[in-house]
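What you see below is based on every heavy atom in this structure, not just the backbone, and it leaves out hydrogens, waters and symmetry mates. Quick note on labels: first sequence line is chain A, next is B, and so on, each numbered from 1.
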Protein chains: 2
Amino acid sequence: MNNQALDYIKEHEDVFKQQLKELLSIPSVSTLVEHQADCERAAEWLADDMRRIGFETVEVIHTKWHPVVLAEWMGAGKDAPTVLVYCHYDVQPAEMSDGWKTPPFEPTEKDGKVFARGAIDSKSNVMAQLKAAEAVIKTGTSPVNIKLMFEGDEESASENMTRFVEQYVDRLKCDVAVICDGSMSDREQPDIAYGLRGVVTMELEVHGPKQDLHSGHFGGTVHNPIQALAEIISKLHHDDGSVSVPGFYDDVLALDDEERAELAKALPWIESEWKDVAAAPHVWGEAQYNLHERIGARPTLEINGIRGGFAGDGFKTVLPGMALAKISCRLVANQTSQVIYEKLRDYIKKITPPTVKAELRLIEIGEPALIDRHSPAVEAARQAYKNVWGKQPHFVREGGSIPVVVDLQKALDAQLVLLSFGYKGCAAHGPNEHVYLDMWYKGMAITIQFYEELGTRMGNPYPNPPP
Amino acid sequence: MNNQALDYIKEHEDVFKQQLKELLSIPSVSTLVEHQADCERAAEWLADDMRRIGFETVEVIHTKWHPVVLAEWMGAGKDAPTVLVYCHYDVQPAEMSDGWKTPPFEPTEKDGKVFARGAIDSKSNVMAQLKAAEAVIKTGTSPVNIKLMFEGDEESASENMTRFVEQYVDRLKCDVAVICDGSMSDREQPDIAYGLRGVVTMELEVHGPKQDLHSGHFGGTVHNPIQALAEIISKLHHDDGSVSVPGFYDDVLALDDEERAELAKALPWIESEWKDVAAAPHVWGEAQYNLHERIGARPTLEINGIRGGFAGDGFKTVLPGMALAKISCRLVANQTSQVIYEKLRDYIKKITPPTVKAELRLIEIGEPALIDRHSPAVEAARQAYKNVWGKQPHFVREGGSIPVVVDLQKALDAQLVLLSFGYKGCAAHGPNEHVYLDMWYKGMAITIQFYEELGTRMGNPYPNPPP
């Protein structure tokens with residue numbers, strides 16, 4: 001255990017909390033232009049702290065939108081492993097009228113929690129990483145070189161990051177890349193995510209008559225586009241909940257018994273979360289896979305929206321000219337967005353009756369990611385959680401997506417680790433977002449412990465010397 | 001031929017046209033409160049003209065909304081048949097910004113047409129009836145007693161009429177009731193409608209999870225309400241276009257060969273209208289019935305609107321908590337709205353999976369009407385068209401609904417006739433609505449000829465003496 005660094009954290013507990021609140025009070029809302037200067041201010045605040053901590057190079061790099069803060073400390077020497085840490089400092093919008101009990105940009109402490117926009121997503125992650133780095137650097141005990149990359153556009157879908165990662169790939173070079181985002185589903189039981197689904201979004205438009213018609217004058221002679229769309233949608237799944245698009249599952253990697261057993265450990269709280277949050281009349285989906293596997297290890301096809309005809313208050317007996325559905329597929333490792341889009345497009349073409357015209361348009365793609373959970377880096381993370389929490393973390397596959405993971409995986413020849421220290425019940429993106437301070441301090445301890453484990457496992461002999 | 005009355009029309013052609021324009025210049029928009037006084041003014045204008053013509057009792061009867069103008073002329077004597085004529089004097093809203101080339105309430109004559117809101121729907125019908133009555137009364141040549149009932153709420157769905165007809169049933173007593181509304185589909189070929197479909201409107205709401213969900217976090221484990229709704233909708237029709245609700249066709253009267261042959265006469269222009277207006281990629285529906293039969297003689301089930309999730313510009317990967325469809329059934333004679341609603345409700349209950357909750361709500365009902373096309377009154381109308389146009393009219397079954405027809409059919413022991421003199425291509429409810437003056441004058445002549453035929457057929461011996 002790196003007791004010097006852990007003691008440093010303990011000694012600075014109150015200062016760090018004060019700094020966290022300082023960062024939380026900057027409304028760095030990346031989706032609203034009026035907060036552009038605030039995003040800039042947050043980036044500069046972080047850069048200032050990095051310089052004070054002792055990072056050798058600190059740069060606020062301007063992109064098309066908000067700046068990326070990039071810092072390097074290579075003090076562990078060229079034989080030590082290098083860790084790149086990714087977090088984001090931008091936040092979602094927040095207004096008192098959304099239902100906040102305290103002003104979202106005036107951090108308020110209560111019952112061991114701090115309430116503020118960004119508290120859980122993701123400024124507590126940013127500050128846990130920054131303060132852990134401070135502890136090891138200031139105490140001269142870091143077994144790893146540290147690069148920090150703090151993004152300001154994550155809440156605007158990280159549209160810049162793909163290009164940024166490509167452009168700065170040389171400066172991002174590392175042995176281990178840590179993505180510090182997301183939260184755990186249980187306050188008492190840590191978990192490590194190693195799978196993220198990709199997502200491909202599409203629009204399906206069905207056209208029938210050249211204009212809206214009077215359903216009395218034409219009803220019974222024209223294939224209603226809403227009905228035709230419903231008929232197409234009804235053919236996209238089998239009765240057992242699986243997707244019926246030919247070849248949809250072709251590229252999906254099968255789960256082996258060992259992985260299924262590992263995933264099953266996290267199942268109880270996923271089932272309990274399903275009951276609390278989804279609370280649908282009945283579970284649904286591929287019965288041969290449990291809830292955790294369906295969410296994380298299986299691809300899906302969802303109808304995210306539908307419109308057609310007159311569906312407001314009152315009634316118009318219109319026979320509409322068109323109907324539209326928004327469709328997305330969540331993909332798992334080894335699947336490719338473009339391929340899935342083409343398979344769906346071809347299948348819809350095949351099942352569209354001659355009475356209407358249908359077009360499936362590709363809107364956006366994002367690839368899935370699977371991280372080797374047996375790599376030395378992930379092993380180090382697992383050991384760090386166990387040391388600090390006293391509990392073996394569960395491995396989980398997330399149903400959502402973090403695009404930057406795929407960007408880093410593609411660009412860097414590095415081991416990837418997803419770290420999270422927060423709790424899913426902390427209202428990310430919602431009113432009264434908060435962070436548990438005890439979990440936040442644990443996050444710093446885990447990071448310090450993780451560096452320690454990396455040093456032990458990768459430092460001597462060093463298996464991947466940097467070029 | 002009643003040449004005296006026909007000559008009277010010819011002599012007064014210009015005066016009548018001037019009066020038509022006068023009525024058209026009153027913006028009697030029944031759906032807008034700011035035009036309440038205008039509706040009142042139109043009713044008084046009509047009552048004044050009725051008194052001038054010589055109607056014995058003329059009354060502007062106030063209802064919950066706009067007044068009904070009721071007039072009686074019993075001068076033909078108690079042995080002569082009595083005709084009740086229904087028209088409506090209210091109109092749809094109209095603004096220059098809708099695309100009018102001339103102000104909608106400043107009637108403009110051009111190329112034998114008069115352009116104004118209400119020109120075709122339905123002030124030209126009102127004035128054809130009023131001026132035909134004037135011609136026979138003023139020349140002392142009417143073979144029938146005439147009652148006129150001009151409504152002011154038709155464009156607000158005639159919500160008052162059911163009650164009004166019940167309340168004034170004694171004063172409406174007649175041998176023949178004429179509903180003068182609607183238009184013909186061909187300028188060169190007259191037609192007589194004898195069937196109108198009923199309509200029952202409903203809302204189908206499907207609920208799944210208790211709230212909208214992140215499709216990444218829950219997709220694959222929750223039956224998407226849009227998908228479930230689509231699956232239900234897809235089960236409402238068989239592949240052959242027929243409705244699959246058990247018992248849906250139970251009460252439908254079968255068409256005999258004679259009626260099918262009669263209906264087939266009007267088929268060519270119905271097919272041509274379909275090609276022009278609907279212009280869908282392909283016809284659809286019950287293949288064993290032709291287009292005319294599908295529209296007029298067969299019930300249908302239509303999805304008039306659908307909504308669920310996020311279907312605006314952009315994309316939200318939401319898994320929605322609910323989805324809604326607006327459904328209506330057009331019904332044909334002998335079917336009952338309530339029965340059809342219950343059959344659909346029970347069927348949907350049966351096919352709804354346990355993974356969602358579905359509710360079908362009844363919104364509004366309107367019953368279908370079928371008029372005996374072999375009655376002496378309809379025979380008289382047919383002969384009148386033939387005499388004036390020189391062409392045998394086609395019998396048609398309309399796909400739409402005129403609620404007052406059912407009210408009159410229920411309340412009165414009278415023969416019903418639907419008369420129309422206008423052309424469907426005259427932009428009823430649209431910008432630049434107009435009437436062909438030659439068709440309008442023909443309408444007056446047909447009415448006079450119709451009275452003449454009624455007198456011959458029903459006057460001597462008189463088969464239905466009034467009580």
Where do Q227(B) and L301(A) land on the side chain to side chain contact (heavy atoms under 4.5 Å, CB included) test, with the steps shown first? CA-CA 10 Å; Q227(B) 183 187 328; L301(A) 186 157; over 6 Å; no
Take N224(A) and W284(B) through the test side chain to side chain contact (heavy atoms under 4.5 Å, CB included) and record every step on the way to the result. CA-CA 9 Å; N224(A) 184 314; W284(B) 177 90; over 6 Å; no
Assess the residue pair K326(B) and V318(A) against the criterion (side chain to side chain contact (heavy atoms under 4.5 Å, CB included)); give the C-alpha distance rounded to whole Å, side-chain angles, the decisive distance to 0.1 Å, and a yes or no. CA-CA 10 Å; K326(B) 307 255 184 178; V318(A) 69; over 6 Å; no
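Looking at K357(A), the atoms closer than 4.5 Å to chain B (heavy atoms on both sides) sit in the backbone and in the side chain alike. Both the backbone and the side chain of L291(A) come within contact range of chain B, each with at least one heavy atom under 4.5 Å from a heavy atom of that chain. Both the backbone and the side chain of H217(B) have a heavy atom closer than 4.5 Å to some heavy atom of chain A. With a 4.5 Å cut-off on non-hydrogen atoms, S215(A) touches chain B through its backbone and its side chain both. Proximity to chain B (any heavy atom under 4.5 Å) is shown, for D239(A), by neither the backbone nor the side chain. Within the 4.5 angstrom heavy-atom criterion, atoms from both the backbone and the side chain of V277(A) approach chain B. For a residue to count as touching a neighbouring chain, one of its non-hydrogen atoms must lie under 4.5 Å from one of that chain's; by this rule T300(A) touches chain B with the side chain only. Heavy-atom distances place both the backbone and the side chain of R307(A) under 4.5 Å from chain B. Looking at I327(A), the atoms closer than 4.5 Å to chain B (heavy atoms on both sides) all sit in the backbone: N, CA, C or O. There is no contact between N290(B) and chain A, counting heavy-atom distances below 4.5 Å.
Heavy-atom pairs under 4.5 Å with chain B peak, among A280(A), P225(A), A228(A), G309(A), at A280(A). The choice from E231(B), R197(B), R298(B) that makes the most heavy-atom pairs within less than 4.5 Å of chain A is R197(B). Looking only at heavy-atom pairs under 4.5 Å with chain A, the residue among G219(B), S328(B), G400(B) that has the most is G219(B). Between chain B and the options G285(A), P209(A), P299(A), S401(A), heavy-atom pairs under 4.5 Å are most frequent for P209(A). When G296(B), G312(B), P320(B), A325(B) are compared by the number of non-hydrogen pairs under 4.5 Å with chain A, G312(B) comes out ahead. Between chain A and the options E203(B), K210(B), E364(B), heavy-atom pairs under 4.5 Å are most frequent for K210(B). Chain A forms the most heavy-atom pairs under 4.5 Å with one residue out of V199(B), T201(B), I233(B), and that residue is T201(B). Counting heavy-atom pairs under 4.5 Å between each of G216(A), G241(A), G208(A) and chain B puts G216(A) at the top. Put simply, of V222(A), I363(A), V243(A), the one with the most heavy-atom pairs under 4.5 Å next to chain B is V222(A). When each of G308(A), G399(A), A323(A), G321(A) is scored by its heavy-atom pairs under 4.5 Å with chain B, the top score falls to G308(A). Contact tally against chain B (heavy-atom pairs below 4.5 Å) for L213(A), T317(A), L319(A): the top residue is T317(A). Of the residues considered (I270(B), I306(B), L324(B), I303(B)), I306(B) shows the highest number of contacts with chain A, using heavy-atom pairs under 4.5 Å.
Between I226(B) and E302(A) the shortest side-chain heavy-atom distance does not fall below 4.5 Å. In this structure, V283(A) and T221(B) have side chains that are not in contact, with every pair of non-hydrogen atoms separated by 4.5 Å or more.
The heavy-atom pair separating P281(B) from T355(A) by the smallest distance is CD-O, 3.4 Å. In terms of heavy atoms, A230(A) sits closest to S234(B) at O-CB, 4.1 Å.
For K316(A), the NZ atom sits in a loose shell: 12 or fewer heavy atoms of surrounding residues, nucleotides or ligands are nearer than 6.0 Å. Shown here is H429(B), whose NE2 atom has more than 12 heavy atoms of other residues, nucleotides or ligands within 6.0 Å.
Expressed to the nearest 0.5 Å, how far CD of E273(A) lies from CZ of F218(B) amounts to 4.5 Å.
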